[in-house]
Enquirer: 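The structure follows.
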Amino acid sequence: MEKNITTIAALFILTSCDCLQVVRGTVVDLNTDKPLKNVHVFKDGKSYDECNTDSSGAFQIESISGGMFGCPGMTVVIEKDGYEKQIVKIGCGDFKKIALKTIAVK
């Protein structure tokens with residue numbers, strides 16, 4: 001019985017290890033390298049973990065995630081009208097510069 005309680009307690013502790021994912025970056029235009037304001041950036045599959053870039057193209061997203069052996073990276077979706085959507089993986093605590101390509105007008 002004591003062995004079962006110890007095992008259950010260990011499993012509970014290991015499965016409840018949450019971490020705070022924090023990713024940062026800037027979004028720029030691919031052709032001009034100028035920052036893009038009001039780009040919608042969100043965690044893939046969790047649209048409530050979102051933000052818009054500021055006037056310098058900067059963003060930061062924080063999210064709670066399971067991380068038994070360290071905090072995992074985050075996959076983010078980057079969208080802005082007139083630009084191709086990108087899906088990018090950013091390591092937890094990392095910074096990434098993302099260049100968006102304009103959509104060709106037909």
Side-chain angles (χ1 to χ4, degrees):
M1 178 72 173
E2 186 175 313
K3 183 179 179 182
N4 290 341
I5 292 172
T6 303
T7 302
I8 291 170
L11 286 174
F12 177 75
I13 290 168
L14 290 175
T15 58
S16 67
C17 295
D18 288 337
C19 68
L20 178 63
Q21 292 174 297
V22 179
V23 296
R24 296 175 184 86
T26 58
V27 181
V28 298
D29 181 284
L30 178 66
N31 295 321
T32 65
D33 201 41
K34 291 187 178 181
L36 294 172
K37 182 180 177 181
N38 291 325
V39 178
H40 187 217
V41 183
F42 62 95
K43 183 176 180 179
D44 191 28
K46 303 240 178 159
S47 60
Y48 52 85
D49 290 335
E50 64 179 338
C51 68
N52 287 324
T53 58
D54 64 16
S55 60
S56 66
F59 70 89
Q60 176 175 311
I61 298 179
E62 298 179 359
S63 182
I64 301 294
S65 178
M68 191 179 332
F69 299 108
C71 214
M74 184 187 303
T75 301
V76 296
V77 179
I78 300 104
E79 296 179 322
K80 182 167 179 69
D81 288 341
Y83 290 86
E84 292 181 2
K85 175 172 82 171
Q86 278 199 38
I87 300 173
V88 177
K89 180 144 186 172
I90 305 173
C92 187
D94 287 348
F95 175 91
K96 187 163 244 176
K97 181 178 179 180
I98 300 156
L100 293 184
K101 182 179 179 182
T102 56
I103 296 173
V105 179
K106 295 181 181 182

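One is the number of the first residue; the rest follow in order along the sequence.
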Enquirer: Please step through side-chain contact (heavy atoms from CB on, under 4.5 Å) for the pair Leu20 and Ile64, ending with a clear verdict.
Expert: CA-CA 5 Å; Leu20 178 63; Ile64 301 294; 3.9 Å; yes
Enquirer: Identify the heavy atoms of Gly25 and Phe95 that sit nearest to each other, and give their distance.
Expert: CA-CE1, 3.5 Å
Enquirer: Less than 4.0 angstrom from a charged side-chain N to a carboxylate O is my criterion; do Asp29 and Lys80 meet it?
Expert: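 No salt bridge links Asp29 with Lys80.
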Enquirer: Tell me the closest heavy-atom pair linking Gly73 and Gln21, and the distance in Å.
Expert: O-NE2, 3.0 Å
Enquirer: Does any part of the side chain of Val23, heavy atoms only, come nearer than 4.5 Å to the side chain of Lys96, both counted from C-beta?
Expert: no
Enquirer: Check Leu36, Asn31, Thr32 against Lys34 for a side-chain contact (heavy atoms from CB on, under 4.5 Å) and give me the one that passes.
Expert: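 When side-chain contact (heavy atoms from CB on, under 4.5 Å) is applied between Lys34 and each of Leu36, Asn31, Thr32, only Thr32 qualifies.
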Enquirer: Please report the shortest heavy-atom distance between Glu79 and Val39, naming the atom on each side.
Expert: O-CG1, 3.4 Å
Enquirer: Would you kindly say whether Glu62 and Gln60 are connected by a side-chain donor-acceptor distance under 3.5 Å?
Expert: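 Yes, side-chain donor-acceptor contact under 3.5 Å.
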Enquirer: Closer than 3.5 angstrom, by distance alone: can the side chain of Thr26 be matched with the main-chain N or O of Ala58 as a donor-acceptor pair?
Expert: no
Enquirer: Would you say Val88 and Tyr83 are hydrophobically clustered, going by side-chain heavy atoms of ILVMFWY under 4.5 Å?
Expert: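 They do share one cluster, since a chain of ILVMFWY contacts under 4.5 Å joins Val88 to Tyr83.
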Enquirer: Starting at CD1 of Ile98, measure out to CD1 of Ile90 and round the result to the nearest 0.5 Å.
Expert: 4.5 Å
Enquirer: I need the minimum non-hydrogen distance between Arg24 and Gly93, along with the two atoms involved.
Expert: NH1-O, 4.3 Å
Enquirer: Do you reckon Phe59 sits in the same ILVMFWY cluster as Phe42, going by side-chain contacts under 4.5 Å, direct or chained?
Expert: no
Enquirer: Is there less than 2.5 Å between the SG of Cys92 and that of Cys19?
Expert: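 In this structure, Cys92 and Cys19 share no disulfide.
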Enquirer: How long is the gap from OG on Ser63 to OH on Tyr48, to the nearest 0.5 Å?
Expert: 6.5 Å
Enquirer: Are a donor atom and an acceptor atom from the side chains of Thr75 and Asp44 found within less than 3.5 Å of each other?
Expert: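 The answer is no; no qualifying pair exists.
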Enquirer: Measure across Asn52 and His40 and return the closest heavy-atom pair with its distance rounded to 0.1 Å.
Expert: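 Looks like OD1-CA, 3.3 Å.
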Enquirer: Begin from the C-alpha positions of Ser65 and Met74 and carry the test side-chain contact (heavy atoms from CB on, under 4.5 Å) through to its verdict.
Expert: CA-CA 9 Å; Ser65 178; Met74 184 187 303; over 6 Å; no
Enquirer: If every non-hydrogen atom of Leu30 is compared with every non-hydrogen atom of Ala99, which pair is closest and at what distance?
Expert: CD1-CB, 3.7 Å
